[in-house]
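Everything on this sheet refers to the single structure shown next.
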Amino acid sequence: MNLKNKRVCIIGCGNLGKSILNGLVDDKDYPSENIIATKRSLDAIKLYEEKGVRITTDNVWAVGESDVIIVAVKPYKVISVLNDIKAHLKPEKHIVVSLATNVHVNELEESLPDNMPVFRAMPNTAADVKESMTSLCHNEAGTPELATVQYFFDKIGTSITINEELMDAATVLGSCGTAFVLRFIRAMVQGGIQIGLDSKTATEIVNQTVKGAANLLIERKNHPEFEIDKVTTPKGCTILGLNEMEHNGLSSSLIKGIVTSYDKIS
Ligand SMILES: NC(=O)C1=CN([C@@H]2O[C@H](COP(=O)(O)OP(=O)(O)OC[C@H]3O[C@@H](n4cnc5c(N)ncnc54)[C@H](OP(=O)(O)O)[C@@H]3O)[C@@H](O)[C@H]2O)C=CC1
Ligand SMILES: O=C(O)[C@@H]1CCC=N1
């Protein structure tokens, strides 16, 4: 089957679900008519009907109309949602993808029919602009369905497939990481304002500088320090600022924050 004919429902279309929805509805070749979004209160997603997306409060109906079931509710709600739809899931037809942190594949399988293809996906909200980093893992029944799941998450960014043992770490870096990077960006803008730039100009400069630095690493595949060495002119202003940041714990605070988030999940 042509993968663009695969129908997807996003159960629990909130912060992350809407980011994924935005990434999919703007896709040039995936038909929005193949997307269903569910929530108990539909006001926040009504606007998507104009783009051909079907919206509903009925998860069971949504499952019956879909092939890929993305469960985007909060972790503590996942099992109850699966219990509601379990009787309507067909292992030969459906693929279940949970976005929830810390709800493991074996827990998901316990609330699903036998031999159900089950995935965990850890995207981030940059899915909104098709720039998500998504980490995937799956059960054995999911193996033949990996290409289908990759199809959707590669439409909203980039995906990698890893062992489930690494999903907590991938969540912290790739999902929480969006907030970490945005806070870093905000701090740079605050510094820019302190040295005389208005907020809009500082933001424009910082946003492109961060995008450029990331693309340098993505395109050239060099270590960050290799690229930093090109900027830090001996006795220049960059190395002074960089060392002052390190004297005040820049790298250490980032590492400690990442470990703290990881400890919370695991
Ligand atoms: N936010 C992020 O960046 C990331 C989040 N995640 C994971 O994604 C999941 C969602 O997170 P997030 O989007 O932030 O949470 P939100 O609370 O924003 O979204 C969850 C949505 O689920 C809906 N919902 C609740 N119960 C039901 C139900 N029974 N049927 C249908 N919809 C329901 C709620 O809407 P209503 O009340 O109208 O039903 C709500 O909008 C979590 O498990 C989280 O761990 C993973 C990676 C990144
Ligand atoms: O903060 C959270 O728990 C969710 C999971 C990763 C990003 N947001």
Side-chain angles (χ1 to χ4, degrees), residues 8-24 35-49 53-66 68-89 96-105 107-108 111 118-138 149 152-153 156-160 162 164 166-183 257-266:
V8 62
C9 71
I10 301 170
I11 292 182
C13 205
N15 284 329
L16 187 59
K18 263 195 286 186
S19 299
I20 293 172
L21 191 52
N22 286 333
L24 286 177
I35 306 169
I36 295 176
T38 89
K39 269 171 110 280
R40 292 165 306 176
S41 163
L42 298 177
D43 290 352
I45 56 174
K46 269 211 169 303
L47 67 151
Y48 292 99
E49 288 187 298
V53 174
R54 289 179 288 170
I55 66 171
T56 181
T57 60
D58 186 343
N59 293 336
V60 169
W61 175 81
V63 165
E65 292 288 305
S66 305
V68 179
I69 317 298
I70 297 178
V71 182
V73 297
K74 283 198 172 65
Y76 68 92
K77 295 202 165 201
V78 169
I79 300 305
S80 67
V81 165
L82 292 183
N83 289 335
D84 292 344
I85 63 175
K86 178 177 181 179
H88 306 272
L89 288 169
V96 171
V97 182
S98 169
L99 306 184
T101 51
N102 223 6
V103 181
H104 297 111
V105 167
E107 294 172 83
L108 298 166
S111 300
V118 178
F119 287 74
R120 289 181 62 198
M122 274 297 136
N124 62 42
T125 50
D128 196 298
V129 289
K130 291 174 156 315
E131 287 290 355
S132 175
M133 177 69 239
T134 301
S135 298
L136 299 168
C137 69
H138 58 83
V149 175
F152 285 101
F153 288 97
I156 58 171
T158 300
S159 71
I160 57 171
I162 59 176
E164 183 165 28
L166 296 174
M167 283 296 276
D168 289 349
T171 300
V172 173
L173 277 188
S175 300
C176 309
T178 300
F180 301 155
V181 171
L182 291 169
R183 182 59 56 85
I258 285 166
V259 173
T260 300
S261 286
Y262 179 76
D263 290 344
K264 165 70 176 167
I265 296 181
S266 54

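Counting convention: from 1, in listed order, for ligands and their atoms alike.
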*Heavy-atom contact under 4.0 Å between S98 and ligand 1?*
no
*asked:* Less than 4.0 Å from atom 5 (C) of ligand 2, is there any heavy atom belonging to the protein?
replied: yes
*Specify the protein heavy atom at minimum distance from atom 38 (O) of ligand 1: its residue, its atom name, and the distance to 0.1 Å.*
K39 NZ, 2.7 Å
_Contact atoms of ligand 1, heavy-atom distance to K77 under 4.0 Å_ = 25 (C), 26 (N)
_For atom 29 (N) of ligand 1, the protein heavy atom that lies nearest, with its residue and separation_ = V81 CG2, 3.8 Å
*So which heavy atom in the protein is nearest atom 30 (N) of ligand 1, and how far is it from that ligand atom?*
N59 ND2, 3.1 Å
*Mind checking whether R120 and L108 have side chains closer than 4.5 Å, heavy atoms only?*
yes
_Students should be able to answer this: which protein heavy-atom is nearest to atom 10 (C) of ligand 1, and at what distance?_
A72 O, 3.1 Å
*Under-4.0 Å heavy-atom contact with ligand 1, by part of T171 that carries it*: neither
*Which ligand 1 atoms, with their elements, are less than 4.0 angstrom from a heavy-atom of P123?*
47 (C), 48 (C)
*Just wondering, do S135 and M167 contact through their side chains at under 4.5 Å, heavy atoms?*
yes
_Measuring from atom 18 (O) of ligand 1, which candidate in N15, I11, V103 has the nearest non-hydrogen atom?_
N15
*Given I11 and I85, is the side chain to side chain contact (heavy atoms under 4.5 Å, CB included) satisfied, shown in steps?*
CA-CA 11 Å; I11 292 182; I85 63 175; 4.1 Å; yes
*Would you check whether N124 reaches within less than 4.0 Å of ligand 1, judged by its heavy atoms?*
no
*Short check: is a protein heavy atom less than 4.0 Å from atom 2 (C) of ligand 2?*
no
*Looking at A169 and Y262, what are the two nearest heavy atoms and their distance?*
N-CE1, 3.6 Å
*Closest protein heavy atom to atom 19 (O) of ligand 1, given as residue, atom name and distance to 0.1 Å*: G14 CA, 3.3 Å
_Using every non-hydrogen atom in the two residues, find where E164 and V105 come nearest and quote the distance to one decimal._
OE2-N, 2.9 Å
*What are the atoms of ligand 1, with element, lying closer than 4.0 Å to any heavy atom of S41?*
38 (O)
*asked:* If you measure every N or O of R40 against every N or O of ligand 1, does any of those distances drop under 3.5 Å?
replied: yes
*When you look at V96 and L82, which way does the side chain to side chain contact (heavy atoms under 4.5 Å, CB included) test go after all the steps?*
CA-CA 9 Å; V96 171; L82 292 183; 4.3 Å; yes
N/O donor to acceptor pairs below 3.5 angstrom from side-chain atoms of residues 35-43, sequence neighbours left out:
residue, atom, partner, partner atom, Å
T38, OG1, G12, N, 3.3
T38, OG1, N59, OD1, 2.7
K39, NZ, S41, O, 3.1

*Within a distance under 4.0 Å of any heavy atom of T101, pick out the atoms of ligand 2 and give their elements.*
5 (C)
*Mind checking what makes side chain to side chain donor-acceptor pair (under 3.5 Å) contact with T134, not counting sequence neighbours?*
S132
*Run the numbers for me: atoms of ligand 1, each under 4.0 Å from some heavy atom of T101, listed by number.*
45 (O)
*Please identify which atoms of ligand 1 are closer than 4.0 Å to at least one heavy atom of K74.*
15 (O), 16 (P), 17 (O), 42 (C), 43 (O)
*Taking all non-hydrogen atoms of both residues into account, name the closest pair between L136 and A121 and its distance.*
CD2-CB, 3.5 Å
_Residue pair I20 / V8, side-chain heavy-atom distance below 4.5 Å_ = no
*Identify the heavy atoms of F152 and V68 that sit nearest to each other, and give their distance.*
CE1-CG2, 3.8 Å
*Output yes when a protein non-hydrogen atom is found under 4.0 Å of atom 27 (C) of ligand 1, and no otherwise.*
yes
_Distance under 4.0 Å to a non-hydrogen atom of S175: what atoms of ligand 2 satisfy this?_
6 (C)
*Where do E107 and N102 come nearest, in terms of heavy atoms and distance?*
OE2-O, 3.7 Å
*Nearest neighbour of atom 9 (C) of ligand 1 from the list L16, T38, L99, V73, on a heavy-atom basis*: V73
*Kindly indicate whether the side chain of V103, heavy atoms from C-beta on, has any atom under 4.5 Å from the side chain of Y76.*
no
*Identify which of P75, A170, S19, G12 has a heavy atom lying nearest to atom 44 (C) of ligand 1.*
P75
*For T125, take its heavy atoms, then give the atoms of ligand 1 lying under 4.0 Å from any of them.*
3 (O)
*Of the non-hydrogen atoms in A100 and S98, which two are nearest, and what is the gap between them?*
N-OG, 3.2 Å
